[in-house]
Amino acid sequence: MASAAAAFSGSIPSHSRLHRDHKAAQIGNLVSVVQFRESNLRKKWAVHAVEPTKRNDSVVASAASAVAEATVVVEETVKARETEEVVDFEKLAAELENASPLEIMDRALATFGDEIAIAFSGAEDVALIEYAHLTGRPFRVFSLDTGRLNPETYKYFNEVEKHYDIHIEYMFPDAGEVQSLVRSKGLFSFYEDGHRECCRVRKVRPLRRALKGLRAWITGQRKDQSPGTRAQIPVVQVDPSFEGLDGGAGSLIKWNPVANVNGKDIWSFLRTMEVPVNSLHSQGYVSIGCEPCTRPVLPGQHEREGRWWWEDAKAKECGLHKGNISETQTVNGDAESLDSVNGTPDLFQTQAIVNLSRPGIENLMKLERRAEPWVVVLYAPWCRFCQAMESSYVELAEKLSGSDVKVAKFRADGDEKPFAQQELQLGSFPTILLFTKNGSRPIKYPSEKRDVDSLLAFINALR
Ligand code: SF4
């Protein structure tokens with residue numbers, strides 16, 4: 001997978017370089033000020049040239065000293081640039097892969113000082129604050145107040161501020177943008193046309209503003225939170241989506257100190273350290289976001305199933321970590337066709353799985369009464385999630401072989417994509433459908449759990 005991060009140079013300046021660049025920028029500003037003063041003085045000289053008797057020698061001396069000052073700072077800047085160090089964050093991520101969250105946090109805070117901040121959502125990512133607190137270093141915390149959070153979350157913010165004696169830097173959406181969205185589409189448009197527009201206004205843009213004032217940020221993303229979108233996150237990376245203080249690609253570093261920690265261990269840590277937690281957790285909430293878009297999950301259900309549950313699993317990033325979604329996994333991404341023509345090997349190649357052609361699946365759709373139920377995966381061979389479910393789907397087909405359930409596949413990328421989107425509820429790959437014996441419309445498998453037992457439970461409950 002060509003990660004979005006790889007689009008940036010593998011190496012970016014270290015903090016010391018960043019710091020020097022910042023200094024250099026300040027020096028640059030000073031040079032500009034000096035040049036501005038100098039050019040103004042020249043203008044004065046031009047004026048005074050016709051009145052030589054009124055020429056002010058002290059002004060000339062000041063100009064000369066300003067030019068000398070400028071020359072010194074320019075030399076310093078050049079020297080600083082010549083000796084700058086470069087940190088390869090991919091290499092650093094590999095080095096820190098087995099480090100503890102505390103170690104990673106300490107490294108992040110030590111490297112970026114007050115130019116880094118923790119992004120706090122009001123959930124178990126409070127662990128980040130506890131780790132930062134344990135380092136003994138000063139740290140900053142910011143949070144996005146979308147205006148749609150649960151009352152419990154607001155109370156919790158207050159509790160955390162008191163517990164750690166900190167002030168959370170709240171970021172708010174632009175009032176005009178919220179007003180225009182709500183006036184044109186209502187308060188709950190996300191249930192109808194997806195969460196992205198609302199998230200963009202209430203979360204992503206405020207986040208973008210917050211990050212523009214930083215050189216690095218710290219998130220509570222964990223690999224186990226979403227097998228679909230978070231399975232690859234490193235402990236530190238050049239942010240693939242957002243820009244920092246200097247602007248431009250590669251100007252922001254993203255630290256994910258708990259990337260490799262699982263949810264259970266986070267909770268043991270919080271309990272051991274007696275960290276206050278959001279009271280919503282005791283009501284069955286695991287992942288916590290905005291009130292209308294978060295719900296409790298049942299025991300055994302994946303935590304991300306409590307977020308935007310009316311949408312496809314793969315799309316469950318609010319935009320804050322959109323770099324997690326690779327272009328090659330995006331149904332509408334151009335990268336898809338590139339991978340298709342590259343000749344990625346086909347998937348699900350076993351006798352137990354029927355390979356449906358377009359007329360084949362059209363016939364299946366037309367039948368009002370089928371001899372047996374059919375489970376069909378709509379897939380694309382280049383899709384990482386389809387590849388990940390290959391063995392479980394093959395196992396499922398082998399288990400069901402000889403039963404009255406047919407297992408099939410339909411390759412739905414390329415030219416077939418518009419048809420699959422329109423007629424077969426394709427949102428993202430893979431989409432799994434169950435054609436029951438009598439139902440005219442297939443039932444879409446709603447979960448991102450694609451192990452054999454979950455798939456069998458779905459089939460047996462509905463066949
Ligand atoms: Fe809007 Fe829901 Fe996104 Fe919150 S989570 S910003 S309410 S769409």
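Counting starts at 1 for both ligands and their atoms, following the listed order.
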Asker: Tell me, please, which residues at least two apart from R370 pass salt bridge (charged side-chain N to carboxylate O under 4.0 Å, His left out).
Answerer: none
Asker: How does K203 reach ligand 1, by side chain, by backbone, by both or by neither, if only non-hydrogen atoms under 4.0 Å count?
Answerer: side chain
Asker: Can you list the atoms of ligand 1 that are under 4.0 Å from a heavy atom of C293?
Answerer: 2 (Fe), 5 (S), 7 (S), 8 (S)
Asker: For atom 4 (Fe) of ligand 1, decide whether H195 has an N, O or S atom at a distance under 2.8 Å.
Answerer: no
Asker: What residues, two or more places apart in sequence or in another chain, satisfy salt bridge (charged side-chain N to carboxylate O under 4.0 Å, His left out) together with D125?
Answerer: none
Asker: Report the relative orientation of the aromatic rings in Y170 and F172; use parallel for angles under 30°, tilted for 30 to 60°, perpendicular for over 60°.
Answerer: tilted
Asker: Would you say C198 reaches atom 1 (Fe) of ligand 1 with an N/O/S atom under 2.8 Å?
Answerer: yes
Asker: Suppose I only count heavy atoms of F190 and a 4.0 Å limit; which atoms of ligand 1 are within that range?
Answerer: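 Within the 4.0 Å cut-off of F190, ligand 1 contributes 7 (S), 8 (S).
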Asker: For the residue pair Y379 and F348, categorise the inter-ring angle as parallel (less than 30°), tilted (30 to 60°) or perpendicular (more than 60°).
Answerer: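 Ring orientation of Y379 relative to F348: perpendicular.
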Asker: Which word best sums up how the rings of F112 and W255 line up, parallel for under 30°, tilted for 30 to 60°, or perpendicular for over 60°?
Answerer: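 If you compare the ring of F112 with that of W255, the planes turn out perpendicular.
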